[in-house]
Structure formats: C-alpha cells, structure tokens
Protein chains: 2
Amino acid sequence: MVKNKADEAFTPLPALAEAAECLKTLAHPHRLRIVQMLLRGRYAVGELAQACGIPSHMASEHLRLMQRCGLLRSEREGRKAFYEVAEPHLANIMECVEARFGP
Amino acid sequence: MVKNKADEAFTPLPALAEAAECLKTLAHPHRLRIVQMLLRGRYAVGELAQACGIPSHMASEHLRLMQRCGLLRSEREGRKAFYEVAEPHLANIMECVEARFGP
DNA sequence: TTGACATATCGTGACATGCCGATATATTTC
DNA sequence: GAAATATATCGGCATGTCACGATATGTCAA
C-alpha cells in the first residue's frame, strides 16, 4: 500500500457529499416522521399526510425528494400510491436518531 | 395508559424538529469530514481547514455551527482553538454513515 | 363520459444557507 | 508598542429550501 493510515481512515469527499445529500433530505421533521412510519410498514400518501398533519400534496413532495435519493420506493395500487423503505441503512440511522432524541 | 401503541411508538414532532436541526447541521461534506477527524482526536481550526482544503475562517464558521447545536466543544490554548466532540452519539451516527457510504 | 378521489407537478414569495472578501479580536514574539 | 499568527465575525450576493394555492394527471364508479 502506498497511502499512510491517516489518509485512508477518512471517507473521500465525493462520498461525503453524497452522504450529505441524503442527510439533508432526511433532515426535516415531517420527513423523519414519515421515515419512522415507513420503517414499521407500508403506507399510502394520504395516510402519511394525515399523520403529519399536512396536506397530501406536500407529503407527496417530501416523498418524492426521499425517493429521488434512493431512500424510498413507491408502488401504485389502484388510485393510491404506497411507499416503503428502499435503503436498508435507514433503520440504523433512525435508531441512532431515536437513541439521541428519545422515542 | 390512554394512548394506543401506534401513537406512542413515534418520537414527538418537537423532538424530531430538534433532530432535524442537528442532521441539517451535519449534512455538509466539509462538516462530515471535520466530525470524522474529531472522532479520532483533537484538532485546531487551521488543521481542520487544511484537511478540508478550505480557508480557516470558513472552517471556523462550520465549527461554530456544530458547536451551536451541541455537537462540538472548543478550548483555547494560547493562540489556537482546539475542538473536540461533545455529543457521544455522533460516533454512532457517523458509523451508520460510513457503513452506507464506505470508509 | 362525467364526476369524484388520490396523487403529482407547477409557480411564487418568504426565508435560510453557502461562500467569499474584508475586517475584527486575541495572543505571542520581538 | 508593533508585527505576526490564529480565530472569529460581518456584509453581500448567489443559490436553495419551504410552504402554499392552483392546476394537472391518473384511476375508479356510476
């Protein structure tokens, strides 16, 4: 190996930039609540919106953002769209958040 | 107890709002790098700035933001200011991030 | 086909954030 | 005290985000 230990201990900046994108997307109260719910089951847009107390077109927007960076995936069933967690590491990160800020 | 299980499984929104604040503060490539370094030791502003390839007055600004939401703490020694991790859970969260985005 | 429902997208104004140069404070050295 | 070093703060500009109303798309039921 060529590089010394100090160098390779750190994640390269481009990877950190991608991580920052995901964290930024996650960093919103309603989006955290949505993720918390989706880690426990599948929900349609309207249900998530009601649980957050926001109009459904805004829940749709939050879901779109999280889907765009690979955190969620959606499936249409009839006139409803169900969302579920697509990124397995979300559970770990959410556990960390809950450990710090209390369930 | 009065509430049903579904209700009390979720973190209250104010706590999620606080969590979102911290995550938003963390969600920046240079700040993630800084945290990664501080989890391995104490560093002065200039050292962190050099490692990120940014002018030191910008590192100072990043450090101020993270200090403001309790992630870091600083101590002056002579003309230098050393920063260190103040929030123990940072290690867990950073492990999650590294597990997902590769070390 | 018409109407109702569920979700998605668009356009906008208010507001926050990131980055930068310039400048200010604090501390050591001469 | 003056110069040098290390941090910190300020003002401004560009860009991004949030919440919202309005509107568009897709789906079912009658």
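Per chain, numbering begins at 1; letters A, B, ... match sequence-line order.
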Within this structure, what is the [atom1]-to-[atom2] distance between [X] and [N], rounded to whole angstrom?
X: B:Met66; N: D:dT7; atom1: CE; atom2: C1'; result: 15 Å
X: B:Glu61; N: D:dT7; atom1: CD; atom2: C1'; result: 12 Å
X: A:Leu23; N: D:dG16; atom1: CG; atom2: P; result: 19 Å
X: A:Arg68; N: C:dA8; atom1: CZ; atom2: C1'; result: 14 Å
X: B:Lys80; N: D:dT5; atom1: NZ; atom2: P; result: 12 Å
X: B:Arg64; N: C:dC19; atom1: CZ; atom2: C1'; result: 14 Å
X: A:Leu65; N: D:dA19; atom1: CG; atom2: C1'; result: 13 Å
X: A:Lys24; N: D:dT15; atom1: NZ; atom2: C1'; result: 11 Å

Practice problem: Would you check, one step at a time, whether the test side-chain contact (heavy atoms from CB on, under 4.5 Å) holds for B:Asn92 with A:Asn92? | Solution: CA-CA 9 Å; B:Asn92 301 328; A:Asn92 300 328; over 6 Å; no
Quiz item: Do A:Arg40 side-chain atoms and A:Gln36 backbone N/O form a donor-acceptor pair below 3.5 Å?
Solution: yes
Please write out the pairs of protein N or O atoms and N or O atoms of nucleotides 26-30 of chain D separated by less than 3.5 Å, giving the distance to one decimal.
unit_1: D:dC28; atom_1: O4'; unit_2: A:Arg79; atom_2: NH2; d: 3.4
unit_1: D:dC28; atom_1: O2; unit_2: A:Arg79; atom_2: NH2; d: 3.4

For [X] versus [Y], what's the shortest heavy-atom pair and its separation?
X: A:Phe10; Y: B:Arg33; answer: CB-NH1, 3.1 Å
X: B:Ala44; Y: B:Glu47; answer: N-OE1, 2.7 Å
X: A:Ala27; Y: B:Lys24; answer: CB-N, 3.4 Å

Self-check item: Evaluation steps, side-chain contact (heavy atoms from CB on, under 4.5 Å), between A:Leu48 and A:Ile54
Solution: CA-CA 9 Å; A:Leu48 297 166; A:Ile54 58 177; over 6 Å; no
Quiz item: Under 4.0 Å: is that the gap between some side-chain N or O of B:Tyr83 and OP1 or OP2 of D:dA6?
Solution: no
Quiz item: Is any side-chain N or O of A:Ser60 closer than 4.0 Å to OP1 or OP2 of C:dA8?
Solution: yes
Practice problem: First locate atom CG of A:Leu26, then atom CD1 of A:Ile34, and finally report the distance between them rounded to the nearest 0.5 Å. | Solution: 10.5 Å
Quiz item: Looking at OH of B:Tyr43 and NZ of B:Lys80, how far apart are the two atoms once the value is rounded to the nearest 0.5 Å?
Solution: 13.0 Å
Practice problem: Could you check A:Met58 against B:His62 and say which one's nearest nucleotide on DNA chain C is further toward the 5' end? | Solution: A:Met58
Quiz item: Near DNA chain C, under 4.0 Å by heavy atom, which residues of residues 25-57 of chain A?
Solution: A:Ala44, A:Val45, A:Gly46, A:Ser56, A:His57
Quiz item: Which residue lies toward the 5' end of DNA chain D, A:Glu21 or B:Ala81, if each is placed at its nearest nucleotide?
Solution: B:Ala81
Exercise. With the side chain counted from C-beta on, respond yes when A:Cys69 and A:Glu21 share a heavy-atom pair under 4.5 Å apart, and no when they do not.
Key: no
